[in-house]
Amino acid sequence: MKTKIALMTIMMTFSFASAQENAHVNPSMKNYSRKIDSIVVSEKIKMNKELDDIDQDFKKNKIDGNEKQNLRADIASKYEQAINEKIDAQKLEFEEITRQMVKDAILKPNDSLRNDKNQMVFGLGGISVHIDEDKKIPADYLHSWEYAIALVGAGYTSKDKPFRFFDKNSDFKNTVFNSAGFIIRYENQLGGFKSPVFYRLGVGYRWDQSNAKYGRVFSQEHHALEITDFTKGDLKETYINNHYIFIPADLRFILNPKYIEYDGVKYLNNKVNQFSIIAGVYGGVRVASNIYNRYSNEFSKRIVERETINHGLNDIIFGGKLGIRYAGFNLYVQKDFTPAFNNNANLTHKYGLQIGIELMNVRF
């Protein structure tokens with residue numbers, strides 16, 4: 001009995017010490033411990049009942065003191081043997097669990113899979129959150145869903161100067177952040193387990209806000225969109241909002257790939273931070289556009305006008321994207337190849353150009 005108790009103590013101590021490194025094995029160890037506890041408790045209940053019966057016989061003078069001690073010793077010996085036999089019957093299960101724990105401890109690096117499964121990384125660009133509870137092997141980290149929120153500086157360029165950001169000759173006022181993007185995308189590895197290339201497909205929402213230059217407003221006259229002087233009062237604020245549903249398709253190239261070996265197979269370690277270049281295209285459908293003007297005059301200090309834009313805008317846009325990514329830092333440039341404004345817009349700069357930084361991305 002002492003040998004079995006010692007074995008159980010060692011086993012439970014080893015199980016507790018290894019819990020952090022062998023989280024997937026630990027439930028099996030707990031289940032085994034419950035079985036052993038159940039055997040011991042069950043046999044002890046039956047043994048105590050027989051011992052109580054002997055004590056009652058002794059109190060009724062049916063047996064003397066020597067007989068009582070001999071009977072108690074025989075009962076204890078009987079149940080010790082019964083417990084040992086039933087624990088021996090569980091020996092194969094314990095040996096298999098132990099072999100698996102030793103295998104995991106030797107073959108799986110301490111920081112490769114189960115440590116820090118859920119991570120929150122603070123970077124220069126924002127917050128990156130990884131929710132990886134369902135991921136158990138390196139291959140599981142090679143595909144994921146991701147939700148991202150980006151803050152964007154949007155402007156418009158002319159056809160002959162497609163990448164001239166903050167152009168002073170633009171019809172629009174230059175502002176740092178005047179747009180946002182929200183996207184959910186699926187990412188998967190392209191090629192074998194060691195490939196540093198991933199493809200990403202998603203769907204998202206893009207909002208662009210554009211301000212006319214000082215003292216001027218957007219207007220729709222004679223089926224045309226243009227920028228004119230404001231004459232109704234003291235102009236406080238003016239802009240147009242364009243809203244798009246868009247579908248991006250990207251390729252992500254890892255520049256410094258790191259690898260991990262698991263069960264004799266080498267995988268790209270997509271759990272660690274690595275530098276990536278992102279290149280892709282997108283198509284978008286305009287779902288709404290409006291003009292907003294806020295001003296005051298001699299009759300009111302706050303007058304707000306909202307007008308739906310019916311002329312001067314293309315319903316479909318198509319463009320390309322180039323970005324760099326590391327940990328919580330995600331920076332990209334996005335360029336519309338088709339103009340946001342059509343021939344019914346009397347504007348010199350019609351092609352959207354955006355510089356964005358992802359404030360937060362959640363991967364799961």
Side-chain angles (χ1 to χ4, degrees), residues 1-119 130-141 260-265 267 271 364:
M1 175 67 76
K2 293 181 179 179
T3 301
K4 296 298 179 182
I5 293 175
L7 177 61
M8 291 169 55
T9 303
I10 293 171
M11 177 197 69
M12 294 174 66
T13 303
F14 180 62
S15 173
F16 176 78
S18 305
Q20 296 300 319
E21 297 180 5
N22 300 280
H24 72 297
V25 176
N26 196 43
S28 297
M29 295 297 294
K30 289 181 178 179
N31 185 53
Y32 180 80
S33 297
R34 291 192 191 101
K35 289 182 180 180
I36 300 301
D37 290 341
S38 177
I39 291 171
V40 173
V41 171
S42 176
E43 294 301 315
K44 286 190 67 175
I45 290 174
K46 291 186 286 184
M47 181 182 71
N48 289 334
K49 185 178 183 304
E50 291 191 27
L51 293 177
D52 290 341
D53 290 341
I54 292 173
D55 290 339
Q56 291 298 322
D57 289 343
F58 176 73
K59 290 179 180 179
K60 295 177 181 180
N61 297 320
K62 291 182 179 180
I63 57 174
D64 58 25
N66 289 332
E67 289 178 310
K68 174 184 175 182
Q69 293 300 324
N70 291 334
L71 289 171
R72 289 181 66 90
D74 290 341
I75 291 172
S77 177
K78 180 180 71 172
Y79 281 98
E80 179 180 358
Q81 182 179 352
I83 290 173
N84 286 337
E85 290 175 353
K86 292 186 177 182
I87 290 178
D88 284 339
Q90 302 292 326
K91 184 178 179 181
L92 290 177
E93 179 181 352
F94 174 68
E95 289 177 349
E96 178 59 30
I97 294 172
T98 304
R99 280 196 297 269
Q100 185 62 43
M101 292 178 66
V102 172
K103 178 181 177 182
D104 290 346
I106 293 174
L107 297 181
K108 298 175 185 177
N110 186 48
D111 62 347
S112 63
L113 298 175
R114 279 165 284 280
N115 287 348
D116 303 322
K117 291 183 72 66
N118 298 331
Q119 299 179 6
H130 301 169
I131 303 174
D132 298 326
E133 283 296 342
D134 60 335
K135 302 184 187 302
K136 298 179 180 179
I137 65 174
D140 294 337
Y141 289 88
I260 183 174
E261 189 168 320
Y262 179 83
D263 278 352
V265 180
Y267 297 84
K271 185 181 178 183
F364 49 92

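Every heavy atom of this structure was used, including side-chain atoms; hydrogens, water molecules and symmetry mates were not. Heads up: numbering here begins at 1 and tracks the sequence.
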Engineer: Quick one: side chain to side chain donor-acceptor pair (under 3.5 Å) pairs with a partner in residues 41-54, sequence neighbours left out?
Structural biologist: E43-K46, E43-K86, E50-K78, E50-Y79
Engineer: What residues form a ring pair (Phe, Tyr, Trp, His ring centres under 6.0 Å) with Y267, not counting sequence neighbours?
Structural biologist: F193
Engineer: Could you list the residues that satisfy side chain to side chain donor-acceptor pair (under 3.5 Å) with E85, not counting sequence neighbours?
Structural biologist: Q81
Engineer: Which value, rounded to the nearest 0.5 Å, describes the distance between I63 atom CD1 and L71 atom CG?
Structural biologist: 5.5 Å
Engineer: Per the side chain to side chain donor-acceptor pair (under 3.5 Å) rule, what does the pair list look like for residues 63-73, sequence neighbours excluded?
Structural biologist: D55-R72
